[in-house]
Amino acid sequence: MFNLIRRDVILQKRLLLTFIPFIAFFIIMDSHPALIFLVASIFIPFNAYGYDEKAETNILLNSLPYTRREIIASRYLGAIIYMILAIGVTSLALFALDKSFTMTDIAIGGGLFLLFSAFTFPLFHIFKPGNITTVVLIGFILLSGVVPPIVMFFAEHLTAITDFIVNVPTTYLYWGAAAIILVAYTVSWGVTTTIYQRKAF
């Protein structure tokens with residue numbers, strides 16, 4: 001399974017040369033650190049899915065001595081590993097460019113990445129190959145622009161919920177969010193595995 005995870009980096013070794021400039025662009029544009037950690041985490045896993053979608057790699061993978069369960073597990077475990085590495089490199093880049101960030105920024109960026117992955121990874125196996133990667137990335141950009149205003153609207157108009165959230169200790173909020181994200185990622189993993197095992201190549 002480790003070789004399946006390592007494969008994504010090997011296939012993207014040229015594309016990885018653009019990773020630092022890609023991150024530097026967001027830093028120079030003075031984007032929020034949480035957003036920078038999010039887009040950095042997305043870079044490798046979603047490019048890997050995009051490559052496999054174009055090359056129809058799943059046919060080749062299923063001819064190798066790996067079970068379908070292991071193939072999906074490598075995707076989900078690989079996403080976590082690459083997220084950690086991306087956060088590490090991004091932290092160094094922010095530090096080098098003298099931009100401040102907090103552990104909260106890392107937690108929010110990483111949490112949003114796992115949540116986004118939980119909702120989008122199954123889509124790569126539900127729909128036929130073609131433009132799924134493009135649709136997912138466009139959806140991500142649109143959500144980045146649409147979700148914050150929606151959250152602000154509800155925060156202003158649903159004061160009872162807002163007051164409840166404000167009164168809940170911050171630690172409980174973090175643990176609650178972490179639990180929701182973990183459950184969503186685990187459920188997504190199970191759903192994707194089921195879909196992939198039933199899929200004909």
Side-chain angles (χ1 to χ4, degrees), residues 1-58 60-61 71-72 74-125 127 129-149 151 181 185 188:
M1 189 187 303
F2 173 74
N3 288 329
L4 288 174
I5 296 173
R6 192 164 62 94
R7 178 192 70 99
D8 292 339
V9 174
I10 294 172
L11 291 174
Q12 298 183 67
K13 57 186 177 183
R14 289 185 181 177
L15 188 62
L16 286 173
L17 296 175
T18 65
F19 180 76
I20 296 298
F22 177 74
I23 298 305
F25 170 78
F26 282 91
I27 296 174
I28 292 169
M29 293 301 291
D30 206 26
S31 300
H32 193 283
L35 176 62
I36 298 173
F37 286 119
L38 172 58
V39 296
S41 300
I42 283 174
F43 195 86
I44 295 177
F46 281 85
N47 278 323
Y49 262 118
Y51 175 85
D52 287 350
E53 182 185 2
K54 290 178 181 177
E56 296 187 6
T57 310
N58 284 310
L60 173 62
L61 290 177
I71 293 171
I72 296 302
S74 72
R75 286 293 191 202
Y76 279 80
L77 291 174
I80 294 172
I81 292 170
Y82 295 133
M83 177 192 73
I84 294 169
L85 293 175
I87 286 174
V89 173
T90 304
S91 298
L92 291 175
L94 286 166
F95 181 75
L97 293 173
D98 198 28
K99 299 290 184 179
S100 62
F101 63 95
T102 64
M103 290 301 295
T104 301
D105 295 325
I106 293 175
I108 292 173
L112 288 175
F113 164 71
L114 293 175
L115 200 57
F116 183 69
S117 298
F119 285 105
T120 54
F121 278 6
L123 298 180
F124 287 98
H125 304 288
F127 299 107
N131 300 309
I132 303 171
T133 305
T134 305
V135 170
V136 166
L137 291 178
I138 291 174
F140 167 72
I141 294 169
L142 291 175
L143 284 174
S144 298
V146 171
V147 171
V151 172
I181 291 168
Y185 199 73
S188 173

Sequence neighbours left out, cut at 3.5 Å: what donor-acceptor pairs do the side chains of residues 101-109 make with other protein atoms?
unit_1	atom_1	unit_2	atom_2	d
Thr102	OG1	Thr104	N	3.3
Thr102	OG1	Asp105	N	3.2
Thr102	OG1	Asp105	OD2	3.2
Asp105	OD2	Thr102	N	2.9

Next on the checklist: Within this structure, what is the CG-CD1 distance for the pair Leu94 and Ile27, rounded to the nearest 0.5 Å?
Outcome noted: 4.0 Å
Checklist outcome for this item: Scanning both residues in full, the closest heavy-atom pair of Phe19 with Ala40 reads CE1-O, 3.6 Å
Item to check | Residues which pass ring pair (Phe, Tyr, Trp, His ring centres under 6.0 Å) with Phe22, listed by chain and number, not counting sequence neighbours | outcome: Phe26, Phe43
Checklist entry - Can you list the residues that meet the side chain to side chain donor-acceptor pair (under 3.5 Å) rule with Ser100, with sequence neighbours excluded? => result none
Item to check | Contacts of Leu114 that satisfy side-chain contact (heavy atoms from CB on, under 4.5 Å) - sequence neighbours left out | outcome: Ile80, Met83, Ile181, Tyr185
Item to check | Atom of Ala79, atom of Pro45 and distance for their closest heavy-atom approach | outcome: CA-CG, 4.0 Å
Next on the checklist: Is any side-chain heavy atom of Ser41 closer than 4.5 Å to one of Phe116?
Outcome noted: no
Item to check | Nearest non-hydrogen partners of Val39 and Ile36, listed with the distance | outcome: CG2-O, 3.3 Å
Checklist entry - By ring pair (Phe, Tyr, Trp, His ring centres under 6.0 Å), which residues pair with Phe121, not counting sequence neighbours? => result Phe46, Tyr49, Tyr76
List, one per line, each side-chain donor-acceptor pair under 3.5 Å for residues 85-92, sequence neighbours excluded.
unit_1	atom_1	unit_2	atom_2	d
Thr90	OG1	Ala86	O	2.6
Ser91	OG	Ile87	O	2.7

Checklist outcome for this item: Shortest non-hydrogen pair, Ser188 vs Ala118, comes out as OG-O, 2.7 Å
